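What follows is a short report on a single structure.
All values derive from a computational prediction rather than experimental measurement. All residue numbers in this chain count up from 1 along the given sequence.
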Amino acid sequence: GRLLEKEEAYDSLRHELMHVEIKLEKHYSALLLQTTALEGVIAPLEILCLEHTHAHHELQLKKNAHETLQRRVAELSERCERAEAVSISVADEVLPTLSAVQGELREAMEEVSALEGHSLL
């Protein structure tokens with residue numbers, strides 16, 4: 001009788017073990033499906049991340065180029081202002097001399113005209 005009890009207990013345990021095994025296999029299959037689904041989500045996310053990194057890099061390059069241009073514009077406008085200041089100061093110096101020379105030239109031409117008038121007489 002004792003041996004029969006042990007065999008029945010053993011069978012019962014084996015039966016439970018089979019049920020546990022079946023449950024585990026179901027869980028494992030479910031996990032596999034979830035893993036596959038997650039991989040399906042992760043792959044596009046990785047692509048998005050790469051694209052974002054690339055876009056960020058391009059944006060940084062554009063920003064750098066823009067800053068370089070801004071510096072050049074500032075530098076050029078500064079040079080223009082300096083050139084303008086120089087040309088104004090040169091004009092201030094040259095104009096009086098120029099008008100003095102023009103005055104002398106007018107006088108000389110009047111004298112020439114006067115001399116020509118005299119020689120015609």
Side-chain angles (χ1 to χ4, degrees):
R2 189 83 197 251
L3 189 65
L4 191 67
E5 278 177 33
K6 279 186 178 176
E7 264 183 47
E8 281 174 3
Y10 176 73
D11 279 346
S12 159
L13 274 174
R14 212 175 58 189
H15 196 67
E16 273 182 52
L17 194 62
M18 269 173 43
H19 275 297
V20 169
E21 231 177 335
I22 289 167
K23 276 186 187 171
L24 277 175
E25 278 177 9
K26 280 183 184 170
H27 280 305
Y28 181 71
S29 298
L31 278 174
L32 273 181
L33 283 174
Q34 286 176 342
T35 303
T36 306
L38 277 174
E39 283 169 354
V41 171
I42 289 168
L45 278 177
E46 284 176 339
I47 291 168
L48 274 177
C49 283
L50 283 173
E51 285 174 356
H52 177 269
T53 303
H54 183 68
H56 181 72
H57 182 66
E58 278 190 350
L59 197 65
Q60 195 60 47
L61 288 177
K62 283 180 183 169
K63 191 179 164 207
N64 293 349
H66 181 67
E67 285 170 1
T68 302
L69 272 176
Q70 276 183 323
R71 277 197 301 273
R72 277 191 65 198
V73 166
E75 194 182 298
L76 283 171
S77 65
E78 199 179 295
R79 282 168 63 187
C80 283
E81 283 170 23
R82 283 202 304 267
E84 204 177 337
V86 167
S87 66
I88 287 170
S89 69
V90 166
D92 287 347
E93 288 174 30
V94 169
L95 282 176
T97 310
L98 191 61
S99 50
V101 168
Q102 281 175 334
E104 286 177 36
L105 189 62
R106 205 175 306 112
E107 284 174 25
M109 286 176 80
E110 283 169 9
E111 284 178 33
V112 168
S113 295
L115 283 172
E116 282 177 351
H118 282 299
S119 65
L120 287 175
L121 291 172

Hey, are the side chains of Leu48 and His52 touching, using non-hydrogen atoms and a 4.5 Å cut-off?
no

Distance (rounded to the nearest 0.5 Å) between Ile22 CD1 and Leu17 CG
10.0 Å

When every non-hydrogen atom of Pro96 is compared with those of Ala91, the smallest separation belongs to CD-O, 4.2 Å

Linking I/L/V/M/F/W/Y whenever any side-chain heavy atoms sit under 4.5 Å apart, do Val86 and Val94 land together?
yes

Taking Ser12 for the side chain and Glu8 for the main chain, is one N or O donor matched with an acceptor at less than 3.5 Å?
no

Positive for side-chain hydrogen bond (donor to acceptor under 3.5 Å, both in side chains) with His54, one of His57, His56, Glu58:
Glu58

Plane angle bin for His19 and His15 - parallel if under 30°, tilted between 30 and 60°, otherwise perpendicular:
perpendicular

Glu21 CD to Met18 CE distance, which is reported to the nearest 0.5 Å:
8.0 Å

Flag the pair Leu76 / Arg79 as yes when at least one side-chain heavy-atom distance between them is below 4.5 Å, and no otherwise.
yes

Below 4.5 Å, heavy atoms only, C-beta onward: do Leu59 and Lys63 meet side chain to side chain?
no

Please identify each residue that fulfils salt bridge (Lys or Arg N to Asp or Glu O under 4.0 Å) with Arg106, with sequence neighbours left out.
none

Once rounded to the nearest 0.5 Å, what's the spacing between atom CG of Asp92 and atom OG of Ser87?
9.5 Å

Spacing of CZ belonging to Arg82 relative to OG belonging to Ser77, to within rounding of 0.5 Å:
10.0 Å

In this structure, OG1 of Thr68 is separated from CZ of Arg71 (nearest 0.5 Å) by 4.5 Å

To the closest 0.5 Å, what do you measure between CG (Leu105) and CD (Glu110)?
10.0 Å

